[in-house]
Participant: 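First the structure, then my questions, so here it is.
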Amino acid sequence: MTMLLLEDLNVHYGAIHALRGVSVSVEQGRVVTLIGANGAGKSTILRAVSGMIRPSGGRIMFEGKSLSGQPPHQILRLGLAHVPEGRGIFANLTVDENLELGAYQRSDPEGVRRDREKVYELFPRVKERLKQAAGTLSGGEQQMLAIGRALLARPRLLLLDEPSLGLAPQLVQTIFRIIREINAQGTTILLVEQNANMALAVAHHAYVLEVGAIRMHGPAADLAKSDEVRKAYLGHG
Amino acid sequence: MTRVAPQLDDGPAAWRFVPRNLAPLGAALGLALLMHFVFQPAAGSFASKLALDIAVNIILAVSLTMVNGFTGQFSMGTAGFMAVGGYAAAAVTYYGSFRLYGSPNPPAGILSAFGDPTGLPLPWLQSGDLMFVAACLFGGLVAAGAGYIVGLPSLRLRGDYLAIVTLGFGEIVRVVLQTSERRLSNAEQIAGTPWPKLLTHLGGSLGFTSIPYFTTLFWVWLAAVLTLVVAYRMKRSSYGRAFLSIREDEVAAEAMGVCTTKFKVRAFVISSFFAGVAGALIAHQVQSINAGELGFQRSFDVIIMVVLGGMGSISGAVLAAGVLTVLPELLRFMADYRMVVYALALIVMMIVRPQGLFGVREVWEVGPFRRRAAGSGAPGGGAT
Ligand SMILES: Nc1ncnc2c1ncn2[C@@H]1O[C@H](COP(=O)(O)OP(=O)(O)OP(=O)(O)O)[C@@H](O)[C@H]1O
Ligand SMILES: [Mg+2]
């Protein structure tokens, strides 16, 4: 079943035409990745989906419902959480308070408690630092907190914007392992990545974005083998 | 959880700031009575006036903290809201006295008139006191309404629009009030003029004078503590954490499902309410209010308190309000140089501690009071 469907999506930032008729579909239960160079428009796609910017044209359908014109908090309520680029940690609040805000819209304390346990299992480091100001966490820990926090909203679709950015190679491995784990537990994932190697390894399906338009797409394993992708994004001459 | 984190139950969102148990109310009453019946007679009139000014400044600084500190917006309109609240309340008590009692001297109880010159025993509360309380609430509500009108369009946008709009608002309020018509003083004329018309007679450029005297240490400290209670609930309840998330990162707050516009407006309206109440309290102490004296400078004084206290620290704002009220008095012996020294002290302070006294934390969360070692060193504490 198609969970998220973007059709002919157009976004303008003033005079800049950032997305030029992008169509993407995300099947339920999958990990779908968007790869592309800096400025290609990857984050813009996620922002449009989560309602942070308003597209100038096209359709966004989530589980059969149109998201057009809906504010972010409404979209989150429908089951779609966004971990924005740069993590968006509340630096002066404690880790605990950050997590609490993740479950901000929920009114089932029992369920939140259970989900917290799950987050602690995925990210034991986060649990150790509950009382610490989130700004004092390392970059990797902040990324874990950001993902854990988004999971507390109990999304069916999770949008991740460059979760591996600025992390040491070993931690990158960990983050991707966790992404796979989250997916295995039933959450569909739309993943934006610079690290095309890793992204293609965890994703089922991939889209390549070039200056605001989809250049090609297909099963991730196929794209990883394609000469064009290997040359442009995987660093193989 | 080691810290007090009031878990408020559900219920209409707007009511969650109302204290559920009455302990804070009791504390407020207790302190107010103490200030009125113990501090005032013991400390004398000079110290009492200072204590009164401190309480008013606490209300103002804490109310501005709700906006500039909690939600990270930048309001410069405090004086404007004080003027709105002060004039509205003054109109109610002044014209109300004529209407209800046929004279400009409404009956007041012992809480509103300590040391009555006639020496006669006074009852605790008279109907005039109730009129005064109602007037203060009315002043607060009018200011809150003005806050809503000013805040809604400017808080939809990210950025510094609020600063500009509130600055303009203060000026507009000043000009409008100064061009109002003269205050009526003839009892018959007042009795024959309908209320909406009376509200246009606010004294014009001379200011609104002959306001009945009500404001004592009791009322200001009661209001100050209640302001603190509301601010603390805003900061510490799980619902109120939404305010702080906006200051920390507006985009991320939206990603959490916080409707940022709604919360910014809410904080601004609550803050305007308290600024209006402070204006009302001052008007009934000085017995006059003049919009000409409530210009940008007055707003700026309050901004300094909030910045010095640490942009988001309630206790910091309280401390700064106290220090900045007392300091100019202590420096009085320096005569003409005192404002220079005052300014220098502020500059040094900002160089030594740019995040203010406490950053966004509370007094008991830092230094020797600190219970948890971790978490006090958040980088850029207090920066927006
Ligand atoms: N707020 C904005 N105002 C104006 N232009 C913007 C804005 N945000 C993005 N853009 C432009 O839109 C284009 C796409 O930006 P976007 O952030 O989506 O790129 P990206 O693919 O996520 O890049 P990166 O990998 O560097 O994060 C870029 O040319 C960028 O300069
Ligand atoms: Mg990006």
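Computed from a predicted structure; not experimentally measured. Per chain, numbering begins at 1; letters A, B, ... match sequence-line order.
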Participant: Roughly how far apart are Met256(B) CE and Leu76(A) CG, rounded to 0.5 Å?
Facilitator: 7.5 Å

Participant: Chain B heavy atoms under 4.5 Å from Arg149(A): which part of the residue, side chain, backbone, both or neither?
Facilitator: side chain

Participant: About how many Å separate CD of Glu248(B) and CG of Leu93(A), when rounded to the nearest 0.5 Å?
Facilitator: 4.5 Å

Participant: With chain B, which of Pro84(A), Gly88(A), Ala150(A) has the greatest number of heavy-atom pairs at distances under 4.5 Å?
Facilitator: Gly88(A)

Participant: Among Arg47(A), His82(A), Met52(A), Arg77(A), which residue forms the greatest number of heavy-atom pairs with chain B at distances under 4.5 Å?
Facilitator: Met52(A)

Participant: For Gln185(A), look at atom CD and say whether over 12 heavy atoms of other residues, nucleotides or ligands are found less than 6.0 Å away.
Facilitator: yes

Participant: Are the side chains of Leu244(B) and Phe90(A) in contact, using a 4.5 Å heavy-atom criterion?
Facilitator: no

Participant: Near Arg106(A) CZ, under 6.0 Å, is it more than 12 heavy atoms from other residues, nucleotides or ligands?
Facilitator: yes

Participant: Of all the residues in residues 55-74 of chain A, which have a heavy atom that comes within less than 4.5 Å of a heavy atom in chain B?
Facilitator: Pro72(A), His73(A)

Participant: So with a 6.0 Å cut-off around OH of Tyr148(B), is the heavy-atom count from everything else above 12?
Facilitator: no

Participant: Could you walk me through whether Glu97(A) and Arg236(B) pass the side-chain contact (heavy atoms from CB on, under 4.5 Å) check?
Facilitator: CA-CA 10 Å; Glu97(A) 291 167 333; Arg236(B) 279 291 167 236; 3.2 Å; yes

Participant: Could you tell me which non-hydrogen atom of Gln105(A) sits nearest to which non-hydrogen atom of Gly257(B), and how far apart they are?
Facilitator: NE2-O, 3.2 Å

